[in-house]
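All remarks here apply to the structure that follows.
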There are 2 protein chains.
Amino acid sequence: MESDSEFGDPCNCPIRDVLDRIGSKWAMVVVFMLEAEPQRFNMLARSIPDVSKRMLTRTLRDLERDGIIARTVFPTNPPSVEYSLSEMGRSILPLFWKLIDWSVEKHANIRESRRRFDSGFASDALLN
Amino acid sequence: MESDSEFGDPCNCPIRDVLDRIGSKWAMVVVFMLEAEPQRFNMLARSIPDVSKRMLTRTLRDLERDGIIARTVFPTNPPSVEYSLSEMGRSILPLFWKLIDWSVEKHANIRESRRRFDSGFASDALLN
DNA sequence: CTGTATCCACGATGATACTG
DNA sequence: CAGTATCATCGTGGATACAG
């Protein structure tokens, strides 16, 4: 599962490879936080109250590694680090927004569907 | 974390609630498999070789519960069950396709970025 | 054929303490 | 401030056997 620079393997598709990352728990949130302007580490941490430093660091590193965001260190004292969206990072914002729109639009619908599903008629509801 | 029909809690946002589901490992794949025509359980299982029955079942149940897909039982012998996209399920296909397009378009870019990142200049690469 | 039930492994994530 | 290190935990997901 290592030597896969080719598409011979049908599961080496970009979809899994790319979307698994940006679909991770915090990636999308972080990208949104950077939409308006660059942010420093602790500013992000404060803006996303329920993320641990550990996970925030990892998310930022992964996004940086993928070239979605850029990390800039300012040699101040104490040091400050600024994260910003790259051009590629910006290019995915419209898609994210469309997903948000869809979610908001369908949210009530989905919750209603869940309620009905959970209300008794589970699985094979031909019974009763 | 139960009585939350309101948006008072910033984390009751549709995004997490909706996207976490459709962003699950197999949901998107299943939705795509159903785009052309309804499929039966084992047909899906065969089309997605690396999914376990357990996970396929769970994915289908979750999507059904959310109203993304419909489950129809035909009282044949042996029984056959058909899964199909609901109208709401269809409505998300364009967004999925856009994500695919983005992934395919940026895949090379991202892989290149990863290579550079992994090639020595990890973390604070202001050196060199 | 279409699942369910169990057990288990692993990664993802959180909590906490420590560092440059 | 901006992390890293370490440990504990929890859910996701796979394997297998069983069932209607």
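Throughout, protein chains are lettered first and strands after them, A, B, ... in sequence-line order, and every chain is numbered starting at 1.
Counting to the nearest Å, the P atom of C/dA12 and the CZ atom of A/Arg61 are 17 Å from each other. When the P atom of C/dC1 is taken as reference, atom CG of B/Leu44 falls 13 Å away, rounded to whole Å. Following rounding to the nearest Å, B/Phe41 (CZ) and D/dA19 (P) show an atom-to-atom distance of 18 Å. Residue A/Lys53 contributes atom NZ, which lies 13 Å from atom C1' of C/dG14 at whole-angstrom precision. Rounded to whole Å, the distance from CG on A/Asn77 to P on D/dC1 is 13 Å. Distance CG (B/Leu56) to P (C/dA5): 16 Å, rounded to an integer number of Å. One interatomic measurement links the two molecules: CZ of B/Phe74 to P of C/dG3, which rounds to 13 Å at whole-angstrom precision. When the C1' atom of D/dA2 is taken as reference, atom CZ of A/Arg46 falls 12 Å away, rounded to whole Å.
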Are there any protein N/O atoms within less than 3.5 Å of an N/O atom in nucleotides 8-15 of chain D, and if so, which ones and at what distance?
from   : atom 1 : to      : atom 2 : distance (Å)
D/dG13 : N7     : B/Arg54 : NH2    : 2.9
D/dG14 : OP2    : B/Ser52 : OG     : 3.3
D/dG14 : N7     : B/Arg54 : NE     : 3.3
D/dG14 : O6     : B/Arg54 : NE     : 2.7

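Of the candidate nucleotides D/dC1, C/dT2, C/dC1, D/dC1 has the atom nearest to the side chain of A/Asn42. Listed nucleotides D/dC1, D/dG3, C/dC1 differ in distance to B/Arg40; the shortest reach to its side chain belongs to C/dC1.
If you check every strand for non-hydrogen atoms under 4.0 Å, A/Ser80 touches sugar and phosphate atoms only.
Judged by the 6.0 Å distance and 45° axis criteria, B/Arg90 is not positioned over the aromatic ring of B/Trp97.
Applying the salt bridge (Lys or Arg N to Asp or Glu O under 4.0 Å) criterion to B/Glu105, with sequence neighbours excluded, gives no partner residue. Applying the side-chain contact (heavy atoms from CB on, under 4.5 Å) rule to B/Lys98 yields the partners A/Leu95, A/Lys98; only residues at least two apart in sequence or on another chain are considered.
Residues B/Val30 and B/Val51 fail the side-chain proximity criterion, which asks for heavy atoms closer than 4.5 Å. At a threshold of 4.5 Å between non-hydrogen side-chain atoms, the residues A/Asp17 and B/His107 count as touching.
Connection of A/Leu19 to B/Ile92 is established within a shared hydrophobic cluster, with ILVMFWY side chains joined at heavy-atom distances below 4.5 Å, either directly or through further cluster members.
Atom OG1 of B/Thr59 and atom CD1 of B/Ile68 lie 12.5 Å apart (nearest 0.5 Å).
Two residues, A/Pro79 and B/Val81, neighbour DNA chain C, and the one matched to the more 5' nucleotide by heavy-atom proximity is B/Val81. Mapping A/Pro78 and A/Thr57 onto DNA chain D by nearest heavy atom places A/Pro78 at the nucleotide closer to the 5' end.
For the OP1/OP2 pair of C/dG3 and a distance below 4.0 Å, the side-chain nitrogens and oxygens of B/Tyr83 include at least one atom meeting the criterion.
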